[in-house]
Amino acid sequence: MMEGLISVDRWAEGSQAYFLTHLHADHTHGLSSTWAKAPIFCSRTTAKLLPFKFPNFDLSLLHVLDLGSWHSLSLLLPCSASKVTLQVMAIDAHHCPGAVMLLFRGEFGCMLNTGDFRWEINGERAKLGREMLLNALKDDVVDVLYLDNTYCNPSYQFPPRDVAAQQIVDIITSHPGHDIVIGINTLGKEDLLLHIAKALNIKIWVWPERLQTMHLLGYHDIFTTDTSLTRVRAIPRYSFSIDTLEGLNTMYPTIGIIPSGLPWVAKPFEGDGKLFDSLLTSRYNRSKESSRGGKQNDKIHGNLGSVKRFHKYIYSVQYSDHSSYPEIEEFIKLVQPINMKGIVSSSSCYVDPVYYFGRICGINQPSQKFDHQHQKFGRGYNGIKKKKNRVGPLGFHLNRVTEMRRGRRGVKLEENECSE
DNA sequence: GCGATCAGTT
DNA sequence: CACAACTGATCGC
């Protein structure tokens, strides 16, 4: 971020202070248990979770930034060896537990790095977030905004998370005789699971490592590793597939729900609509439809615009932990940066936020929408594909399931009957 | 054995 | 069709 001084979510040699916005894997490449380069600054929650991801981490190098307060640190200018003071504030990014935005100020000016963030516009939490940010910025002008540009394209639109969460609750209630599996990652979507647990007054199954994470986060009563206690299970995103759901359905009727910012992750399912119809008659959708004064003729793009059924057993709901396009726009209007850069560059085409939002803050538009940095990947793996022995702790309904056929890509499903 | 990087999955 | 986040293989040390 500043040559020879600080790095945010980058772990190469050469900085004097490193900052970790959150613990997702795509922000920790290069970070490991043997880290010894320099101090790392992160939120209290991230600091609490970090040793679980990186056992034996040298905690003397880990420094907590309390949300909403300025922390000063002294660094040496690489060229002149003179001391320079830097101030940093961590602000809740509402992305996953522990995720923060980082606001820096010093002689170099003022920079804001959003990390990954969701900037919701409506609701009490949004209002608090807005106040917090404005309070932090005060009269400072943000010279450079480093922006989570994941969904920085007008086509990316989705509802607030509480609406998406309720859609998921309605899918569950409209399938009273089914088990439910929800695909989640190692961190994130806790609020969604809490919403479900509270709305339905049930516990939620998670795999054992995830239960440890839940306990570290302070959730002690809602989650369980005992499948007999609930019909709703959160399973690893990576174990969630059409094959998995079809396999589960050979044993017990099971519906899969995939929360994602993208409207769908596979070809939409063209079925007879039986399950979908039952969803449409659920409480939330009925009230929505009547409030609009008529029945939607297009079920896919109507009130349930973000609920996609792309397989007879699977629903995709647009529950996103990244900001939508209109939310990014709102955020930029608030911050009014002098300049900005996208921090997401792993995608095949990098979207320059200045292209869409430059005029909002008086930055000249770049002539090109995309900055192509395609990397061509070889496709020449000719070896015999081994059947993968993937451990998929799916929390089976049945007591003894050791292996199921999964076609070409084998998935081993192991029994996981742990008690709390 | 560890970590970085690449390839591939959902 | 897309992404973020992840797992697993491979390679160099």
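Residue numbers start from 1 in every chain, and the chains themselves are labelled A, B, ... in the order their sequence lines are given, proteins ahead of strands.
- For R105(A), the side-chain hydrogen bond (donor to acceptor under 3.5 Å, both in side chains) partners two or more places apart in sequence, or in a different chain, are Q87(A), D140(A).
- Taken to the nearest 0.5 Å, the CZ atom of R210(A) stands 11.5 Å off from the CH2 atom of W205(A).
- Residues forming a side-chain hydrogen bond (donor to acceptor under 3.5 Å, both in side chains) with R44(A) (at least two apart in sequence, or on another chain): D66(A).
- In this structure, F57(A) places its CZ atom 16 Å from P of dC2(B), rounding to the nearest Å.
- Of the listed nucleotides (dC6(C), dA5(C), dC3(C)), dA5(C) has the atom at the smallest distance from the side chain of D116(A).
- One can place CG of L262(A) at 8 Å from P of dC3(C), the figure rounded to the nearest angstrom.
- Counted by atom type alone, H27(A) and D116(A) present one or more donor-acceptor pairs between their side chains at under 3.5 Å.
- For the pair D243(A) CG and dG8(B) C1', the interatomic distance rounds to 16 Å; values are reported in whole Å.
- Remark: P of dT7(C) and CD of E209(A) are 10 Å apart, rounded to the nearest angstrom.
- Taking every side-chain heavy atom of T186(A) into account, dC6(C) is the closest of dC6(C), dA5(C), dC3(C).
- The side chain of Y156(A) approaches dA2(C) more closely than any other nucleotide in the set dC6(C), dA4(C), dA2(C).
- Shown here is K53(A), whose NZ atom has more than 12 heavy atoms of other residues, nucleotides or ligands within 6.0 Å.
- No engagement by S155(A) is indicated, since no non-hydrogen atom pair under 4.0 Å with the nucleic acid exists.
- Heavy-atom distances under 4.0 Å link DNA chain C to H24(A), A25(A), D26(A) of residues 22-40 of chain A, given in residue order.
- Taking atom CG of N153(A) as the reference point, atom P of dC1(C) lies 17 Å away to the nearest angstrom.
- Going from atom CH2 of W207(A) over to atom P of dT7(C) covers 9 Å, rounded to whole Å.
- Atom NE2 of H322(A) and atom C1' of dA5(C) are 9 Å apart (whole Å).
- Summarising the geometry, the separation between CG on N185(A) and P on dA5(C) is reported as 7 Å, rounded to the nearest angstrom.
- Between D191(A) and R125(A) a salt bridge is recorded (basic side-chain N to carboxylate O distance below 4.0 Å).
- In this structure, a donor-acceptor pair under 3.5 Å is present between the side chains of H195(A) and Q166(A).
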